[in-house]
Colleague: 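Submitted below is the structure of interest, expressed as structure tokens.
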2 protein chains.
Amino acid sequence: MPRTKASYDVFSAIGEPKRRIIIEQLIQKEMTVNELVAELSWSQPAVSKHLAVLRQVDLVSERRAGRFRFYRVQPRELKPIQEWIHQFEKYWGGSLDQLDTYLQELRLGMNNDKH
Amino acid sequence: MPRTKASYDVFSAIGEPKRRIIIEQLIQKEMTVNELVAELSWSQPAVSKHLAVLRQVDLVSERRAGRFRFYRVQPRELKPIQEWIHQFEKYWGGSLDQLDTYLQELRLGMNNDKH
DNA sequence: ACTATATATTCTTATATAGGAATATATAAG
DNA sequence: CTTATATATTCCTATATAAGAATATATAGT
């Protein structure tokens, strides 16, 4: 972002739609750069550059095998985003399970007035 | 982003750290622009512009009262992000509740081999 | 009507960065 | 050693956009 020190963090890395597409591909199985190029019909440098950004924030890792580099997602690195979103879920009833919400409230001691 | 049609979507809107800070503020209570300016010590135009972006993607709404504009978060608009993240949680054991995961698997019929 | 206040917008500028073309690097194959 | 293949990097350019300054707009108060 202009006039901001702003290098990449996980949030801005997935702010770019194409990088989300790469993550969606790589969650299925590890893939080489050219496999991604073939699958997505983007230029090879474009794919490599997006992968480089994802690597910078550890959202993907690389396994080298001869000339090939297999990329895979490191899904755990998405956790900060999940946690950031999670703090707002209670404001929209967005927890994916009602019981889960109930247990969270128990943990937080927010449930004392309910039997 | 350069050379991309890319106007704002919810993902890129929260890719900007300052906009996440605004959302964190406004989730507590609705606030006017100047209240945010006072709280965050940013310039007024900076706050207004970030609010404008958040409004474009409906992450905040505005209530006018005289000269004031009260902004509040529309947390439900974060749901696409939650859902996008959610599809990856199973790859890191990231569901916030084990029981929740269990129930999800039941729903998905992925649990037939367990008692 | 005039002034003050709250906020948005416009204009400008600096910078980040996505994408393409060309090139570099690394490794494999012959 | 030469060539082919896989990938990264460099160089360039167009564009998006964050931030500041100045200004516009809207409303309230006098």
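Computed from heavy atoms alone, side chains included, the values below leave out hydrogens, waters and symmetry copies. Each chain gets a letter, A, B and so on, in the order the sequences are listed, and its residues count up from 1. Predicted, not measured: the structure shown is a model, and the values here were computed from it.
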Colleague: I'd like to know if A/Lys18 reaches the base of C/dG19 with its side chain, counting only an N/O donor and acceptor under 3.5 Å.
Modeller: no
Colleague: Is there a side-chain contact between A/Glu77 and A/Lys79 in this structure, where contact means two heavy atoms from C-beta onward sitting under 4.5 Å apart?
Modeller: no
Colleague: Does a nitrogen or oxygen in the side chain of A/Ser43 sit under 4.0 Å from OP1 or OP2 of C/dG19?
Modeller: no
Colleague: Just wondering, do A/Ile22 and A/Leu40 contact through their side chains at under 4.5 Å, heavy atoms?
Modeller: yes
Colleague: Answer yes or no for A/Arg20 and B/Phe11: cation-pi contact, defined as NZ/CZ to six-membered ring centre under 6.0 Å and angle to ring axis within 45°.
Modeller: yes
Colleague: Once the angle between the rings of A/Phe88 and A/Tyr91 is folded into 0 to 90°, is it parallel (under 30°), tilted (30 to 60°) or perpendicular (over 60°)?
Modeller: tilted
Colleague: Separation of A/Lys49 atom NZ from D/dA6 atom C1', in whole Å?
Modeller: 16 Å
Colleague: Only pairs with both distances under 3.5 Å count, Watson-Crick or wobble alike; so what is the partner of D/dA24 in this structure?
Modeller: C/dT7
Colleague: Whole angstroms only, please: what is the CG-P distance between B/Leu51 and D/dT17?
Modeller: 17 Å
Colleague: Within a strict 4.5 Å, meaning less than it, do heavy atoms of the A/Leu26 and A/Leu36 side chains meet?
Modeller: yes
Colleague: If you check the A/Tyr71 side chain, which of C/dA18, C/dA6, D/dT7 turns out closest?
Modeller: D/dT7
Colleague: Would you say C/dT7 has OP1 or OP2 under 4.0 Å from some side-chain N or O of B/Asn34?
Modeller: yes
Colleague: Calculate the interatomic distance between B/Glu16 atom CD and D/dA19 atom C1'; express it in whole Å.
Modeller: 11 Å
Colleague: Side chain of B/Pro45 only, heavy atoms from C-beta on: which candidate in D/dA18, C/dA18, D/dA22 is closest?
Modeller: D/dA22
Colleague: It should be established whether A/His50 places a side-chain nitrogen or oxygen under 4.0 Å from OP1 or OP2 of nucleotide C/dG19.
Modeller: yes
Colleague: Using whole Å, what does the distance between atom P of nucleotide C/dA28 and atom CZ of A/Arg69 come to?
Modeller: 12 Å
Colleague: Between atom CG in B/Leu54 and atom C1' in D/dT17, what is the gap in whole Å?
Modeller: 14 Å
Colleague: How long is the line joining CZ of B/Phe70 and P of C/dA8, in whole Å?
Modeller: 12 Å
Colleague: Let's see if you can work this out: which of C/dA29, C/dT9, D/dA8 has an atom nearest to the side-chain heavy atoms of A/Arg67?
Modeller: C/dA29
Colleague: Any donor-acceptor pair, under 3.5 Å, between the side chain of A/Gln44 and the base of D/dA6, if you only look at N and O atoms?
Modeller: no
Colleague: Name the residue closer to the 5' end of DNA chain D, choosing between A/Phe68 and A/Ala52 according to the nucleotide with the nearest heavy atom.
Modeller: A/Phe68
Colleague: Roughly, in whole Å, what's the span from OH in A/Tyr8 to P in C/dA16?
Modeller: 11 Å
Colleague: Specify the separation, in whole Å, of atom CD of B/Glu35 and atom P of C/dA6.
Modeller: 10 Å
Colleague: In terms of ring plane angle, is the pair A/Phe68 and A/Phe70 parallel, tilted or perpendicular, where the classes change at 30° and 60°?
Modeller: tilted
Colleague: Which of these nucleotides, D/dA28, C/dA28, D/dA8, is closest to any side-chain atom of A/Glu62?
Modeller: D/dA8
Colleague: Give none if C/dA29 has no partner; otherwise give the nucleotide forming a Watson-Crick or G-U wobble pair with it, both distances under 3.5 Å.
Modeller: D/dT2
Colleague: Remember a base hit wins even if backbone is also touched, and classify A/Arg64 as base, sugar-phosphate or nothing at under 4.0 Å, heavy atoms.
Modeller: nothing
